[in-house]
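These numbers come from the heavy atoms of this one structure, side chains and all, not from hydrogens, waters or symmetry mates. Here is how names work: the chains are called A, B, and so on, in the same order as the sequence lines, proteins then strands, and each is numbered from 1.
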Amino acid sequence: MRAAAVEAAPAWTIRAGSEVVDLDADGTVLGRAAWNPADVAGAVSSRPDTRWVWADTAAVYPEFLAAGTRVDRAWDLRLSRRILRLSPLVDAAARLAAPDVWDRAAEPMPVSDALFALTDGPVLGVDDLVAELSRQRALTDGAADAARLRLLLHAESAGALIAAEMHAAGLPWDRAAHERILVEVLGARAASGAPPEKMQQLAAVVRAALGDPAASLDSPPKLLRSLHRVGVMVASTSRWELAEQQHPVVEPLLEYKKMARLLSANGWGWLDEWVRDGRFRPVYIPAGVVTGRWASNGGGALQIPRQLRPAMRADPGWVIVDADVAQLEPRVLAGMSRDARMATAARGLDLYEGIVATGAVATREEAKYAVLGAMYGATSGDSGRLVPRLRRAFPAAMALVDDAARIGEEAGAVSTWLGRGSPPPEDAWLALQSLSTEEGTDAAVSERARRSARDRGRFTRNYIVQGTAAEWALCWLAEIRHRLSQLPAVVDAPTADRSGPAFARRAHLVFFLHDEVIVHAPAAQAEQVAAIVVEAATAAGRRMFGTFPIDFPLDVAVSPAGGAVTADG
DNA sequence: GCAAACCGCGCG
DNA sequence: AAAGCGCGCGGTTTGC
């Protein structure tokens, strides 16, 4: 018999509404308590080894951060539920069939300062969470590969913690540096409403080339008509098509479009709206993309142009540690297919050069287009023509993506390496497919059905690779977070107040973009942090692929500002 | 008059 | 030497 329940340390702690419930490792309730908002730090520190459980990290965890504390481990019931519903590792009969109160509340909820998610939609009581955790643990423990599924759910939940923490910490952003770039590229800011100086001048040049001083440059249909009038017979105004034309309007117009994009997407208005106190605080949405990738909401965090990277600037005495994985997706493909030849080609920093060395293709560029074509399902163009060569060189890897495409075309489901299942086809898709098999079907309908099937095949082909890459990245992030938390805090950091949460007094994650992380670190810890990021990549590879010899090399740059040039061009 | 749909382009 | 995947956003046009 174990000791009295009240004295046992909880393994799980559920937080909902105004209550906290502690559970032991078996899920037996150890005790219930009222939640005390005045002592969040005490609630955390008195349960050093627990895993915190809640319905929605984005709704609950900001209160912890605002109170100056963090948690080591979490279980996000909403994110886990979405995975368990579709995972092929879970017995199909045990998966949920009908939507219920959880699903109505299960729209991706952004991480934000407001706690509106708590009052939006159906309210879940703490007993609902106790029951849901029990159900999810049973599904996970009984899964075809429990360890693998558990890794995915833990990584997913760790990602949710990190998303909230990165929002709270903010990305160090130098308004003056950003404005210098704007002025250099666009010219001085003009009176309100008017475009900046250089843009006005360039617009005049474009209009002169169009022979129309009143030509509209910002409306694609009008611009298209203007182009046709001067003999530029393009079908659209997109850049790649214009670039093929020989006409004096092309060069200034492309330049103008670049400027207009910078102004509207990341101009002074963006700075005013998104940068406060030297921090850009985007809203991250973990698993906001169907493959498991993160999405973002507001501020275009995942689309910051490289042009503006130098505006990312560390605080005085701190540095930016910027790391990205070289060719993450093909490496992940080699790992999941156990393709030893591809893994050999991936040894070293440049997988594309490794492929050239096998003799499959002649140049690095060819290798790149062949690999992209293989993962995206290219059928034509230079990329499509190169794919068969890859199929001969790496049959195991190619069989995996080719099978995924075939399954998708046949309305089937595919899965990532850790068990995130792809969504089923939509009803309209199924209806079109069955319509095309009926007798006497119109040829046009059959063609639409075939195209729609191939579209889905390209989706499932890419799903397994993109989704597994997202899983690798979650493991990497979680490892980095854990290792950074072991570093000593810099108590007298000059920016401790400005950075807000207490965890920001030590090196902390401030940005994540699919295969790249940025850590804001005290300069004295720069080398330690760089080593942590590299070790975490190795650890993530082991967690995902065990002893299979696939490398995940990084480009790492340490500097006061973003956009630093790394050794690998 | 408002919202959905479309375009074009930024990111991986 | 592409036109194959996944996104968000601002601006304009289109549809009700």
Carboxylate-amine/guanidinium proximity below 4.0 Å for [X] and [Y]:
X	Y	value
A:Asp212	A:Arg207	no
A:Asp322	A:Arg309	yes
A:Arg189	A:Glu197	no
A:Glu447	A:Arg451	yes

Note to self: Both A:Glu273 and A:Gln466 contact DNA chain C. Which one's nearest nucleotide lies toward the 5' end?
What the structure shows: A:Gln466
Next item on the list: Return the 5'-most residue of the pair A:Asp455, A:Glu365 with respect to DNA chain C, ranking by each residue's nearest nucleotide.
Entry: A:Glu365
Next item on the list: Given side chain to side chain contact (heavy atoms under 4.5 Å, CB included), test A:Ser87 with A:Ser415 step by step and report yes or no.
Entry: CA-CA 7 Å; A:Ser87 178; A:Ser415 171; 5.7 Å; no
Note to self: Does A:Ser383 contact C:dA1 through a side-chain donor or acceptor facing the base, at a distance under 3.5 Å?
What the structure shows: no
Notebook entry, point to check: Is there a donor and acceptor pair closer than 3.5 Å between the side chain of A:Glu366 and the base of C:dA1?
Noted result: yes
Checklist line | Chi angles and distances behind the salt bridge (charged side-chain N to carboxylate O under 4.0 Å, His left out) call for A:Arg461, A:Glu329 | finding: CA-CA 12 Å; A:Arg461 170 190 292 272; A:Glu329 290 189 351; over 6 Å; no
Item checked: side-chain N/O A:Arg293 vs C:dC7 OP1/OP2, d < 4.0 Å -> no
Next item on the list: Please determine if a side-chain N or O atom of A:Thr363 lies less than 4.0 Å away from the OP1 or OP2 oxygen of C:dA1.
Entry: no
Notebook entry, point to check: Stepwise, does the side chain to side chain contact (heavy atoms under 4.5 Å, CB included) test hold for A:Val401 with A:Ile464?
Noted result: CA-CA 8 Å; A:Val401 285; A:Ile464 62 168; 4.2 Å; yes
Margin query: Taking any heavy-atom pair under 4.0 Å as a contact, classify A:Leu386: base, sugar-phosphate, or nothing.
Written below: nothing
Check: What does A:Arg461 touch in the nucleic acid at a heavy-atom separation under 4.0 angstrom: a base, only the sugar-phosphate, or nothing?
Finding: nothing
For atom [atom1] of [X] and atom [atom2] of [N], their distance in whole Å:
X	N	atom1	atom2	answer
A:Gln307	B:dG10	CD	P	9 Å
A:Leu302	C:dC7	CG	P	12 Å
A:Leu253	B:dG8	CG	P	12 Å
A:Asn462	C:dC7	CG	C1'	12 Å
A:Leu254	B:dG8	CG	C1'	12 Å
A:Lys257	C:dG10	NZ	C1'	13 Å
A:Leu308	B:dC9	CG	C1'	14 Å
A:Arg451	C:dA3	CZ	P	17 Å

Note to self: Testing the 3.5 Å rule here: is there a donor-acceptor pair between the side chains of A:Asp76 and A:Tyr61?
What the structure shows: no
Next item on the list: Evaluate the ring planes of A:Trp476 and A:Trp472, with Trp represented by its six-membered ring, and classify them as parallel (under 30°), tilted (30 to 60°) or perpendicular (over 60°).
Entry: tilted
Picking from [options], which would you name as closest to the side chain of [X]?
X	options	result
A:Ser264	C:dA3, C:dC7, C:dG10	C:dG10
A:Asp515	B:dG12, C:dG11, C:dC5	B:dG12
A:Val290	B:dC11, C:dC5, C:dC7	C:dC7
A:Lys258	B:dG10, C:dC5, B:dG12	B:dG10
A:Arg261	B:dG12, B:dG8, C:dC7	B:dG8
A:Leu513	C:dC5, C:dA1, B:dG12	B:dG12
A:Asp382	C:dG8, C:dA1, B:dG12	C:dA1

Next item on the list: Kindly express the pairing pattern of DNA chain C in dot-bracket notation, using | wherever a base pairs with another strand and counting only Watson-Crick or G-U pairs under 3.5 Å.
Entry: ....||||||||||||
Note to self: Short of 4.0 Å, heavy atom to strand atom, which residues of residues 211-244 of chain A count as contacting DNA chain C?
What the structure shows: A:Asp218, A:Ser219, A:Pro221, A:Lys222, A:Trp240
Next item on the list: Grab the two heavy atoms, one from A:Arg481 and one from A:Glu165, that are nearest each other, plus how far apart they are.
Entry: NH2-OE2, 2.6 Å
Item checked: Residues that A:Arg239 engages under side-chain hydrogen bond (donor to acceptor under 3.5 Å, both in side chains), provided they are two or more places apart -> none
